[in-house]
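Data first, discussion second: the structure below is written as structure tokens.
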There are 4 protein chains.
Amino acid sequence: MSPKVSDAYKEEKRAAILEGALHCFTEKGFQATKVEDIVRHLGMSKGAIYGYFASKEDMYIQMSNGRMDAMVQSLHEQFKNMPGATDRIRFLFGRFRNQSLDEIRKWMTFHLEFMLYASRQPALVDTLAAYSNKAIQLLREIFEEGKRTGECRQDLDENAATYLFWAVRDGLALQFLLDGEAADYGRYLNEAEQMVLRYIGNASS
Amino acid sequence: MSPKVSDAYKEEKRAAILEGALHCFTEKGFQATKVEDIVRHLGMSKGAIYGYFASKEDMYIQMSNGRMDAMVQSLHEQFKNMPGATDRIRFLFGRFRNQSLDEIRKWMTFHLEFMLYASRQPALVDTLAAYSNKAIQLLREIFEEGKRTGECRQDLDENAATYLFWAVRDGLALQFLLDGEAADYGRYLNEAEQMVLRYIGNASS
Amino acid sequence: MSPKVSDAYKEEKRAAILEGALHCFTEKGFQATKVEDIVRHLGMSKGAIYGYFASKEDMYIQMSNGRMDAMVQSLHEQFKNMPGATDRIRFLFGRFRNQSLDEIRKWMTFHLEFMLYASRQPALVDTLAAYSNKAIQLLREIFEEGKRTGECRQDLDENAATYLFWAVRDGLALQFLLDGEAADYGRYLNEAEQMVLRYIGNASS
Amino acid sequence: MSPKVSDAYKEEKRAAILEGALHCFTEKGFQATKVEDIVRHLGMSKGAIYGYFASKEDMYIQMSNGRMDAMVQSLHEQFKNMPGATDRIRFLFGRFRNQSLDEIRKWMTFHLEFMLYASRQPALVDTLAAYSNKAIQLLREIFEEGKRTGECRQDLDENAATYLFWAVRDGLALQFLLDGEAADYGRYLNEAEQMVLRYIGNASS
DNA sequence: CATGAATGAGCCTTCATTCAT
DNA sequence: TATGAATGAAGGCTCATTCAT
């Protein structure tokens, strides 16, 4: 009796729509993307979409939530069995390097735009803040542990370190948002890693 | 024959409109801001604006150009008689600290949104790239000189340093875009300064 | 997959819109007719029209092309099996007489206004000229044949005759554009026919 | 005490405005001509015009009245001492031939457009009809006299002749409204003259 | 009187959403 | 459920006219 197949089908379709919409939103921006664009890109009809999402904005929000969930989730997973502050930081930078610049750009573009959008919709700021906090928390724990284990200098301000970490990472992606070589981006990521490690480490490191 | 109102008056008005529009754009975003909003905020009539600007987009572009010109200009000016790479970096961070967080947010919000917008308008990407290059150039020169004078370590990649500098600065502003305490922001700026100086400096510094 | 409404339905609607718009354009003129007027007259919504026509101007142009096509087409058809220059001229005047004065007025009003409009739009002058040439050509062939068969005097200037024919016809409609009795119009048409026949014929006729 | 100079000056200015406006109206059409266009063409200010005319429409109407007055007036004058129907017809055609095709086009364009415009303004139709009647009357008198003197055939319908005369003349101008050679226009005018004379004359002529 | 900046009603067009089929 | 034609509110821009200087 349970319509499992149907449910699976629906979920698949939902995901497909989200993917198609993401493509359009990244390409043209949320406001400039017409429902017609999404529909044409997906080869479906206008009305169909409204069976899965209440509105264009609804798609945007669910899309953003999905992406942020996935990111936080994946970081948590991968940190499960990873010890050491330095290793974790290195691991994170490794992850950043392994993402193609194109992907970074897409994600950054999408994320920035959604951030600006959400910051103006009172109903969304809390969600946004929650995700932000999770990313902050994730890093702070690293630095806190690093100080306990002595990997980080004792006078390190773990909050500052956390913010600086994300600042460097987001800021670098920002510099490459519009153009720039992937090779340069990779090189600068390496330098950023050095800079951060030097900053958090003991004087001797 | 003589103009009814002086050129100075017109320029004043132009500036006033730009200021009012900036207020609205920062508050609600470019696309979400209706011409009606700007006009109401300024207490003028709808048509009046079109004597000064060709379109809403024209206002946006001129506004952006004006701000970027001013920024680049002011940096150039203040660097005239300032020697030493370290001093210049310190000076820049000082400047950053002296701007109120509110101002930073406004500027950052505006700039990010314009960047996203312009990146999708072929006619604007070049302008955007030009301004970006000026900021890059400004910093690169500092690090190049720093290496000449020995203030920076000889193996410093001045390009990397340049990008990292802006990444830290922009990235930090980004973390505080939606919320956060001014005090924290200031503290982290200090830390950022330490991080950067440590990164570019000689091992002994 | 199959269209919700048939192509025939769409074509019907297109024609209905064109007819409604024609009514309004003839009544108030193209520029003075608001899209709102057309829509109200047709009992449809504003947006609906834009599924069939790209703009108010597009409707105007297609309308004009349709009418001119139909006219040229119908004349060609009816000339297929009609011999003799005199008979053809008589046939044409018969046609003119059979059109109600009201129809003539509508068509003339529409055509004149479109002509004035199109003459100021570089993109339309060629189309206009093409239709005009077709009407000219149609008549010239009559007079050329008339000279071959001896129905027309040998020293007749077929170009002059062509232009005079249309001049008389259009000019007469022009005199009755604003007011005048249908009976008078019919009578003058008869006289016009005599005048033209006398002009093109042999001295003896 | 009488401000004669001032009055003359005003009248001069009024005429200048009318002339400038006529230029614009003929070039772009009444509705498409912006007050700004007229003002720029004349090198005066927007407000100035409203000291002489109540509105754009007012200019249009007065302009039309002026032109029609002048035309009717001039015909009347020149007919004062001219005897004979045939001579008068010849004289009229001579007048038509002496006008440059460019002038004809301007006048025709202006007149047609005003006619279409006025026909939709109840307040103007009477004025329009009055002028039309004057032109009709002028010609009818010629043919009436022609019948009295025997220059025209006795069974001539003077009303028909009148309408046909104007039809031929207006219709021919209409054919040349958009393009065509002045030489052709002149030739066809000659032919038109022959056609009309043949039509109104005795069988022997 | 002249000037031209300001006014603001008006209009074409767009596009998210609905709903009859 | 899917379709896509229809809806209609909304918004950028125009331009005849006014009026403070």
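Here the structure is a predicted model, which is why all the values come from computation and not from measurement. Each chain gets a letter, A, B and so on, in the order its sequence line appears, and its residues count up from 1.
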C:Y50 side chain near F:dG8 phosphate (N/O to OP1/OP2, under 4.0 Å): no

Grab the NZ-C1' distance between B:K10 and E:dT3 for me, whole Å please. 13 Å

Toward the 5' end of DNA chain E, by each residue's nearest nucleotide, C:Q31 or B:A48: B:A48

Would you mind checking if A:K34 and A:D37 are paired as a salt bridge, meaning a charged N to carboxylate O distance below 4.0 Å? no

Whether A:T33 side chain and A:C24 backbone form a donor-acceptor pair below 3.5 Å: yes

Would you say F:dT1 has OP1 or OP2 under 4.0 Å from some side-chain N or O of A:Y52? no

Rounded distance (Å) that lies between atom C1' of E:dT3 and atom CG of D:L42: 15 Å

Integer-rounded Å distance: F:dT14 P and B:F53 CZ: 15 Å

Compare side-chain N and O positions of D:K46 against OP1 and OP2 of E:dA2 and report whether any pair is under 4.0 Å apart. no

Quickly work out the C:R40 CZ to F:dT7 P distance and round it to whole Å. 15 Å

With a cut-off of 6.0 Å (strictly less than), are more than 12 heavy atoms of other residues, nucleotides or ligands near CD of C:E57? yes

Is the shortest distance from a Lys or Arg side-chain nitrogen in B:E113 or A:R120 to a carboxylate oxygen in the other one below 4.0 Å? yes

Measure CD1/C:I49 against P/E:dC11 and give the value in whole Å, please. 15 Å

Check the orientation of C:F114 and C:Y117. Use parallel for under 30°, tilted for 30 to 60°, and perpendicular for over 60°. tilted

How close or far is atom P of E:dG10 from atom CD of B:E36, stated in whole angstroms? 15 Å

For B:S45 and E:dT7, is the shortest distance between a side-chain N/O and OP1 or OP2 below 4.0 Å? yes

Taking only N and O in the side chain of B:Y9, is any of them less than 4.0 Å away from OP1 or OP2 of E:dG4? no

Can you classify the ring geometry of D:F30 versus D:Y60 as parallel (below 30°), tilted (30 to 60°) or perpendicular (above 60°)? parallel

Calculate the interatomic distance between A:F30 atom CZ and E:dA16 atom P; express it in whole Å. 9 Å

Expressed as a whole number of angstroms, how long is the span from B:D37:CG to F:dC13:C1'? 16 Å

Note, D:M108 side chain near D:H111 side chain (heavy atom, < 4.5 Å): no

Side chain of B:K13 only, heavy atoms from C-beta on: which candidate in F:dC13, F:dA16, E:dA6 is closest? E:dA6

When B:K56 and C:G47 are each assigned the nearest nucleotide of DNA chain F, the 5'-most assignment goes to C:G47

DNA chain F stem ranges, 3 or more consecutive Watson-Crick or G-U pairs under 3.5 angstrom: E:2-21 with F:2-21

